Q: 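My questions all concern the structure below.
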Amino acid sequence: RRSSVMYALVQVRGIVNTRREIKETLKMLRLHHINHCVLVPETPEYLGMVRKVKDYVAFGEINAETLATILATRGRLTGNKPLTDEYVKSVTKYADIAELAAAIVNGEIRMKDVPELKPVLRMHPPRKGYKTTKRTYNQGGALGYYGAEINDLLIKMR
């Protein structure tokens, strides 16, 4: 059973002087650099990994419109070619990036099911910067759980 909620994780802090298990968890999530973004489904396994690295990432539920926007601007194929509507139409049953994004968010298809699509989105640092990378989102910082407001951060990073 695939989950209906898709989380976007963005690495916000570097991992110098970090415990080994946290570094390994970030590696398993394919987060190797600051401002990299990955999508993970809401499963107990992924939620445990997210809980472990919550002090190094910003995360929340992504919506289809935001995902369509960042796939159009930041989605890359092998060879660093941009993701286009024509490519999506030629290799999947979806007509364009917006339909693909909706299917990914709904859990019908995973990013790795699209041939040559890179699973990690290399984002731009947020326009106007992070608030602070030392505090949680609730305390006015950039770390931890954003809920639906992660979409605002991702739009700033597109």
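Quick caveat: nothing in here was measured; it's all calculated off a predicted structure.
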Q: Enter the distance from Asn106:CG to Glu108:CD here, rounded to the nearest 0.5 Å.
A: 5.0 Å

Q: Would you say Arg13's side chain and Thr133's backbone share a donor-acceptor pair under 3.5 angstrom?
A: yes

Q: For Ala98 and Ala68, work out which heavy atoms get closest and say how close.
A: CA-CB, 3.9 Å

Q: Flag the pair Tyr130 / Val10 as yes when at least one side-chain heavy-atom distance between them is below 4.5 Å, and no otherwise.
A: yes

Q: Let's go through Lys52 and Glu21 carefully: what are the C-alpha distance in whole Å and the side-chain angles of both, what is the deciding distance for side chain to side chain contact (heavy atoms under 4.5 Å, CB included) to 0.1 Å, and is it a yes or a no?
A: CA-CA 9 Å; Lys52 180 158 276 187; Glu21 59 193 74; 3.2 Å; yes

Q: Can you tell me if CZ on Arg158 sees more than 12 non-hydrogen neighbours from other groups inside 6.0 Å?
A: no

Q: Once rounded to the nearest 0.5 Å, what's the spacing between atom CG of Leu117 and atom NZ of Lys112?
A: 13.0 Å

Q: Restricting to non-hydrogen atoms, name the atom on Met123 and the atom on Cys37 that form the minimum distance, rounded to 0.1 Å.
A: CG-CB, 3.7 Å

Q: When rounded to the nearest 0.5 angstrom, what is the spacing between CG in Leu31 and NZ in Lys23?
A: 15.0 Å

Q: For a side chain to side chain contact (heavy atoms under 4.5 Å, CB included) check, start with the C-alpha distance between Met157 and Leu121, then their side-chain angles and the critical distance, and finish with the verdict.
A: CA-CA 11 Å; Met157 294 179 80; Leu121 299 162; over 6 Å; no

Q: How close do Ala8 and Ile150 get, counting heavy atoms only, and between which atoms?
A: O-CG1, 4.3 Å

Q: With the side chain counted from C-beta on, respond yes when Asp152 and Tyr146 share a heavy-atom pair under 4.5 Å apart, and no when they do not.
A: no

Q: Work out which heavy atom in Ala58 is nearest to a heavy atom in Ala142; give both atom names and the distance.
A: CB-O, 3.4 Å

Q: Search all heavy atoms of Leu143 against all heavy atoms of Lys134 and return the closest pair with its distance.
A: CD1-C, 4.0 Å

Q: So among Asp85, Val88, Ile104, which one has a side-chain contact (heavy atoms from CB on, under 4.5 Å) with Tyr94?
A: Val88

Q: Quick check: are there more than 12 heavy atoms from other residues, nucleotides or ligands sitting under 6.0 Å from CZ of Arg127?
A: yes

Q: Heavy-atom count check: over 12 atoms from other residues, nucleotides or ligands less than 6.0 Å from Lys27 NZ?
A: no

Q: For Thr69, which of Leu154, Ile155, Ile97 qualifies under side-chain contact (heavy atoms from CB on, under 4.5 Å)?
A: Ile155

Q: Which distance, rounded to the nearest 0.5 Å, do you find between the CZ of Arg19 and the CD of Glu24?
A: 11.5 Å

Q: Distance-only, no hydrogens or angles: does the Asn151 side chain make a donor-acceptor pair with backbone N or O of Glu61 under 3.5 Å?
A: yes

Q: Can you name the nearest heavy-atom pair linking Asn35 to Pro125, along with the distance?
A: ND2-CG, 3.4 Å

Q: Do Glu99 and Lys93 come within less than 4.5 Å of each other through their side chains, counting heavy atoms only?
A: no

Q: Relative to the ring of Phe59, is the ring of Tyr145 parallel (under 30°), tilted (30 to 60°) or perpendicular (over 60°)?
A: tilted

Q: Which distance, rounded to the nearest 0.5 Å, do you find between the CG of Leu83 and the CZ of Arg74?
A: 13.5 Å

Q: Taking the side chain as C-beta and beyond, is there a heavy-atom pair between Tyr87 and Leu77 under 4.5 Å?
A: yes

Q: Is there a path of hydrophobic side-chain contacts, each under 4.5 Å between heavy atoms of I/L/V/M/F/W/Y residues, joining Leu9 to Ile34?
A: no

Q: List the steps, then state whether side chain to side chain contact (heavy atoms under 4.5 Å, CB included) holds for Asp96 with Lys89.
A: CA-CA 6 Å; Asp96 55 13; Lys89 191 172 188 141; over 6 Å; no

Q: Would you say Val40 and Arg30 make side-chain contact, with heavy atoms under 4.5 Å?
A: no

Q: Mind running side chain to side chain contact (heavy atoms under 4.5 Å, CB included) on His32 and Gln11 for me, showing each step along the way?
A: CA-CA 8 Å; His32 303 288; Gln11 185 172 344; 5.8 Å; no

Q: Which distance, rounded to the nearest 0.5 Å, do you find between the CE of Met111 and the CG of Leu100?
A: 8.0 Å

